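Basis for what follows: all heavy atoms, side chains included, without hydrogens, waters or symmetry-related copies. Computed from a prediction, not measured in an experiment: that's the story for all the values here.
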Amino acid sequence: MTQSVLSRRAQDVVDAGSGNPMWDVMKDPWDPSTNPNGYVNVGVAENTLMHSELLKFINKKLELPAKYLTYNDGGCGSFRLKAAIAAFLNHNLKPVTPLESSHVMATNGVSSAVEHVVWTFADPGEGILLGRPYYGMFIPDISLRSRSPVVPVSFGEHDPLGLDGVDKYEEALLEFHRTTGKKVKALIIAHPHNPLGRCYSREVLIKLMRLCQKYQVHFISDEIYALSVFENTVDESPPPVKFESALSIDLTGIIDPRLVHVLWGMSKDFGANGIRLGVIISQANRDVHAALTGPALYSYASGITDHLTSLMLEDFEFTTRYIQQNQKLLSESYAYTANYLKDHGIEYATGCNAAFFVWMNLGKKYRELHPEDEGEDVGERVMQRLLQKKVFLASGFLFGSEKDGWFRIVFTQGHDYLRVALERINAALEG
């Protein structure tokens, strides 16, 4: 065997392979005219519903001053950008303590923000608690370069977003320490939840914070979908829980404020993954900002992104109108998808009122249609059928699903695109 010329950590990645066909899918996108045999992609969390409105604003407003061709105010974002972010989030997230520019650090996306906070809080081998099912890319974001292992939390029949679920976090924390001798240093949640599309209640957030205080664990709330909430007009249960930011909770008597951190970004709420702008908010821990001043060089948001984001967030009239219209379209697209699944007898996790997803049980429907196929790993067999029909979904296996056969569909596409995706999914199950 030829000796590797890579580092051990790099060779580990090569040996493992990605196991995720997403990158191949993105190179071959479906187009009804130019590429009808391409992949219909409802696996990647992108929201195209408001692209035309966003582009109108950008193409009308964007005129780049020369200073944005320089390093400007450094790797953590310009003073103007941080002020714009603070004012925008104060208006929309209603923090107990108003955000100031000094509380905010900008990055080139929330993936970089996740990696930064894990690097800051945990040494290699120290754990990060993450409830199942989870956003699949949390795994590399947390572990790939930091070498801090994810400690997955299983819930069994308990609601992952319920009060009882918090006890499962404590069990996982104690078991990790018992078996490895290492500490858990942080707990991260996606709030609203990815892939379940629901929000944590204030009571659950407080109970999670109390758990973090008990073990001196950092509490990280990834709120990248904070403003992508909507009215569910389809499902009667469970009753929707309205979104409340971790910033809106008075931490007095609950947790040391130095342990609480919130992440946000432009990718989801503004349907602009390509803008590449994330935010780390740490209001009471100056050491976080000091520690990340150097590493921020590697997550520098471009000057164009810095300027464009400032323009958008400073315009409250535009952002208010944009958010309201986006929420209306989210509601309509969710209803379209949920009703299709109901009409075709496909089980899904009801009660969504946030984010872009429906969590659905394609494995169960496949077994109903093919009772002769009694093999295990039904999720993998369904995945192969989906790819053969040139439709891409996020696999529950890569999202840490506790049950086989579950998938995440992204519904934030136009109805014509969604219709093709759903028809291909149905054909994959029936074929």
State whether the side chain of [X] and the backbone N or O of [Y] hold a donor-acceptor pair below 3.5 Å, judged by distance alone.
X      : Y      : value
Arg424 : Leu386 : no
Asp404 : Val378 : yes
Glu332 : His415 : no
Arg145 : Trp119 : no
His51  : Gly271 : yes
Arg198 : Gly351 : no
Asn326 : Tyr322 : no
His307 : Glu63  : yes
Glu223 : Ser245 : no
Asp269 : Leu227 : yes

Which pair of non-hydrogen atoms, one from [X] and one from [Y], has the smallest distance, and what is that distance?
X      : Y      : result
Thr305 : Arg276 : CG2-O, 3.7 Å
Ala246 : Met209 : CB-CE, 3.9 Å
Lys342 : Tyr348 : CE-OH, 3.1 Å
Glu53  : Phe318 : O-CE1, 4.3 Å
Val204 : Gly162 : CG2-C, 3.7 Å
Val153 : Ala172 : CG2-CB, 3.9 Å

Notebook entry, point to check: Just one of Tyr135, Phe243, Phe357, Phe270 clears the ring pair (Phe, Tyr, Trp, His ring centres under 6.0 Å) bar with Tyr225, so which one?
Noted result: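 Per the ring pair (Phe, Tyr, Trp, His ring centres under 6.0 Å) rule, the option paired with Tyr225 is Phe357, out of Tyr135, Phe243, Phe357, Phe270.
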Notebook entry, point to check: Per the ring pair (Phe, Tyr, Trp, His ring centres under 6.0 Å) rule, which among Tyr336, Trp30, Tyr39, Phe411 passes with Tyr417?
Noted result: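 Option passing the ring pair (Phe, Tyr, Trp, His ring centres under 6.0 Å) with Tyr417: Trp30.
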Hydrogens and angles aside, do [X] and [Y] bring a side-chain donor and acceptor to less than 3.5 Å of each other?
X      : Y      : result
His116 : Thr107 : no
Gln388 : Gln384 : no
Ser78  : Asn72  : no
Ser299 : Asn108 : no
Asp373 : Tyr366 : yes

Is [Y] close to [X] at the side-chain level, that is, under 4.5 Å between some pair of heavy atoms?
X      : Y      : answer
Trp406 : Pro133 : no
Glu126 : Phe176 : no
Ile189 : Phe219 : yes
Lys61  : Asp315 : yes
Leu247 : Trp264 : no
Leu393 : Val42  : yes
Tyr334 : Asn353 : no
Thr412 : Lys268 : no

Next item on the list: Check the pair Lys403 / Glu157 against salt bridge (Lys or Arg N to Asp or Glu O under 4.0 Å), numbers first and verdict last.
Entry: CA-CA 11 Å; Lys403 296 179 180 178; Glu157 297 307 312; 3.8 Å; yes
Answer yes or no: are there more than 12 heavy-atom neighbours, outside [X] itself, under 6.0 Å from its atom [atom1]?
X      : atom1 : result
Lys390 : NZ    : yes
Lys94  : NZ    : yes
Tyr298 : OH    : no
Ile304 : CD1   : no

From [X] atom [atom1] to [Y] atom [atom2], the distance as rounded to the nearest 0.5 Å:
X      : Y      : atom1 : atom2 : answer
Cys76  : His289 : SG    : NE2   : 8.5 Å
His191 : Glu244 : NE2   : CD    : 7.5 Å
Leu54  : Ile275 : CG    : CD1   : 5.5 Å
Ser302 : Tyr68  : OG    : OH    : 11.0 Å
Leu259 : Ile220 : CG    : CD1   : 10.5 Å

So that I can tick it off, tell me whether [Y] and [X] are bridged by a salt bridge, with the cut-off set at under 4.0 angstrom between side-chain N and carboxylate O.
X      : Y      : answer
Lys207 : Glu203 : no
Glu374 : Arg381 : no
Arg80  : Asp306 : no

Notebook entry, point to check: Between Leu308 and Met312, is a side chain to side chain contact (heavy atoms under 4.5 Å, CB included) present by the stated rule, with each step listed?
Noted result: CA-CA 6 Å; Leu308 176 57; Met312 291 171 61; 4.1 Å; yes
Item checked: Verdict with supporting geometry, Lys185 and Asp123, salt bridge (Lys or Arg N to Asp or Glu O under 4.0 Å) -> CA-CA 9 Å; Lys185 296 303 291 287; Asp123 289 317; 5.4 Å; no
